[in-house]
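Here the structure is laid out as structure tokens; the discussion comes afterwards.
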There are 2 protein chains.
Amino acid sequence: MNDALLIVEDLKNLGLTEYEAKAYLSLLEEYPVNGYTLSKTSGIPRSRIYEVLDSLKNKQLVFEQMEDTMSVYKPLDPKLLIGKFKKSFDSIFYHIEEYSKKVYLKEENDHKLIVIQGRDKIIDFLNLLIHDAKRRIVLSIWEEEINDISQALNDAIQRGVVLRGMYFGRNNPYEQLVTHRRIERHLSEKKERYMTVTVDGIHVLYGIISRGEDSQITWAKDPDFVDMSEDYVVHDLMVNLYANQLDIKQREEYEKFLDHVRKEYFAFTEEEFKKFK
Amino acid sequence: MNDALLIVEDLKNLGLTEYEAKAYLSLLEEYPVNGYTLSKTSGIPRSRIYEVLDSLKNKQLVFEQMEDTMSVYKPLDPKLLIGKFKKSFDSIFYHIEEYSKKVYLKEENDHKLIVIQGRDKIIDFLNLLIHDAKRRIVLSIWEEEINDISQALNDAIQRGVVLRGMYFGRNNPYEQLVTHRRIERHLSEKKERYMTVTVDGIHVLYGIISRGEDSQITWAKDPDFVDMSEDYVVHDLMVNLYANQLDIKQREEYEKFLDHVRKEYFAFTEEEFKKFK
DNA sequence: AAGTAGTAACTACTACAGTAACTACTCCCT
DNA sequence: AGGGAGTAGTTACTGTAGTAGTTACTACTT
């Protein structure tokens, strides 16, 4: 079973050794068994199995039962194992949170830019920010990237985060996004894709993304920069949504539309809105 | 700061090395800084600091910023760090849960007894079970132990779990528990304390608990055994609650009282109740 | 004799902690 | 102008603990 190998890795990430993970998983499938048998089913050398079981017993992930002459072992119910780790991690997280409140000072105005390289890391970081989003996500994104963040986006939408922006691709998966009107031309032309994502008016990620290591985006927390980036997407939206009307109306009408987009569609707060007036 | 040392341990439990933990924590307190400065504030040898920072950069817990000739580093916001680990652990837990559904078969009727030794491990395991309780916790417990499980008990009560039983001690902290009527005599006599705890009619822990390693309790999942243990506490409750009346009423009345206690006070389901008739 | 059950002692490898020594640059002092 | 002190970064090494993996042994059962 290849499946079991992945779970071994998972358990190692929880702090078990490879032997401990294998022993526990083998025990799940067959119990109660004695050390000798477990060594056979798990592939752990007989000479080591008792140390491994001892260590698991100590962590209360395995229990020993005396049966006349010999001991047999059984695993902790996996649900209880998960509960055990959850409890322990929750307390760790709480400690870290309390501690960081004391020593960590957020920079209010951070004008520095940070470069993140490599598609995997970019996607990872993007997911992290979206996961943490509380109010609004504005993006301008291509179909090649949308799948890699759709889970996090759906979660965000679920908990009431406003999603807005431009979608470059066919079969737009989000009604909240507007497909670019000249998408066919773009799709045939580009190998590299410009991307912008802003989160809660705090973070902005922008840059060029492609398949591999050469992808490179910039992360900024400068509020002006975020505003600018959101503005860029607002404009893009504007043009794409009202392109037809723009040809026949005057400049004033155009401005009204812009305000309308910002307020109604983009869910700007009054305060945010004032900054643009 | 001794506080920081504990957090280093916490971070190590999340999979960081000691140097990584120290570096990250030092960065929290002062950033952005270059490698040289960080090595000084964190106590990490200058010769190692760049490897450590590289590794942290790879995990995206630290970000590098080019500043004309040299690099400076800043930490990932601790809140995002917590979110990152939570996400990763949640997915691990999900994997384990799914996997265990496939391979793990719960024993329906488990008549075997398992011995747990050492006060710390007993308390730990007790907390684990209480944490997982869904319907009813019945216990007979001494004041020496109640504090070590009160957090878990309060959580359980909060989510609607029924708590019932006997309390051996002064200043009974739970209205759901009944203080033993001859507690003063008991308190002066005993060094070792008999304890019973049943959870959801599934688990029962019983045995002698004292201060140290010689404490030893037995864990059973045999349903009959659980019933018996609950019955023991019911009787104890009965005697303590209605002691006065017992002297003047007949046997019939006594039985009625017992039923009443089981049904009304103990929240037995009809099904559970039938087993006793 | 073959299989079962458990112990002891070891080798090998790796990750991490910890140290020493080197280059190179800047700034300040006299 | 030259030297010392502090800053900044790099290379290479030692030591150790934990883990993986192996071999050899005893003892008991059937």
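None of the values given here were measured: they were computed from a predicted structure.
Each salt bridge (Lys or Arg N to Asp or Glu O under 4.0 Å) pair with one or both residues in residues 51-65 of chain A, not counting sequence neighbours, appears once here: A:Glu20-A:Lys59, A:Arg48-A:Glu51, A:Asp54-A:Lys57, A:Lys57-A:Glu64. Among residues at least two apart or in separate chains, ring-ring contact (aromatic ring centres under 6.0 Å, His included) pairs with a member in residues 77-97 of chain B are A:Phe89-B:Phe89.
Counting heavy atoms from C-beta outward, B:Leu128 and A:Leu76 have side chains that approach closer than 4.5 Å.
In terms of the side chain to side chain donor-acceptor pair (under 3.5 Å) criterion, residue partners of B:Glu98 (sequence neighbours excluded) are, by chain and number, B:Lys101. Under the side chain to side chain contact (heavy atoms under 4.5 Å, CB included) criterion, B:Asp120 pairs with no residue at all, not counting sequence neighbours. Every residue two or more places apart in sequence or in another chain was checked for a side chain to side chain donor-acceptor pair (under 3.5 Å) with B:Lys79, and none qualifies. Scanning for side chain to side chain donor-acceptor pair (under 3.5 Å) contacts around B:Lys84 gives an empty result, with sequence neighbours left out. Listed by chain and residue number, nothing satisfies the side chain to side chain donor-acceptor pair (under 3.5 Å) test with A:Ser140 (two or more places apart in sequence, or in another chain). With sequence neighbours excluded, no residue satisfies ring-ring contact (aromatic ring centres under 6.0 Å, His included) with B:Tyr232.
Checked by distance alone, A:Ser47 brings a side-chain donor or acceptor within 3.5 Å of a matching partner on the base of D:dT22.
Checking A:Lys121 against B:Gln60 by side-chain atom types alone, no donor-acceptor pair falls below 3.5 Å.
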Pairs under 3.5 Å (N/O, protein and nucleotides 28-30 of chain D):
none

Look for any protein N or O under 3.5 Å of an N or O in nucleotides 10-12 of chain C and output each such pair with its distance, or none.
none

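At whole-Å resolution of the value, CZ in B:Arg46 and P in D:dG6 are 12 Å apart. Across the protein-nucleic acid pair, A:Ile49 atom CD1 and C:dT4 atom P stand 16 Å apart, rounded to whole Å. Atom P of nucleotide C:dG18 and atom CD1 of B:Ile44 are separated by 10 Å, given to the nearest angstrom. The CD-C1' distance, from B:Glu51 to D:dA12, rounds to 11 Å in whole Å. Between B:Lys22 atom NZ and C:dC16 atom C1' the separation is 12 Å, expressed in whole Å. We find that CG of B:Asp54 is positioned 13 Å from C1' of D:dG9, with the value rounded to whole Å.
When all heavy atoms of B:Asp77 and A:Tyr104 are compared, the pair lying nearest together is CA-OH, 3.6 Å. Closest non-hydrogen pair, A:Pro75 versus A:Tyr24, comes out as CB-CE1, 3.8 Å.
For the contact set between residues 10-21 of chain A and DNA chain D, defined by any heavy atom under 4.0 Å, the members are A:Thr17, A:Glu18, A:Tyr19. Heavy-atom distances under 4.0 Å link DNA chain C to A:Asn34, A:Gly35, A:Tyr36 of residues 32-42 of chain A, given in residue order.
A salt bridge between A:Asp132 and A:Lys134 is present, with a side-chain N of the basic residue lying under 4.0 Å from a carboxylate O of the acidic one.
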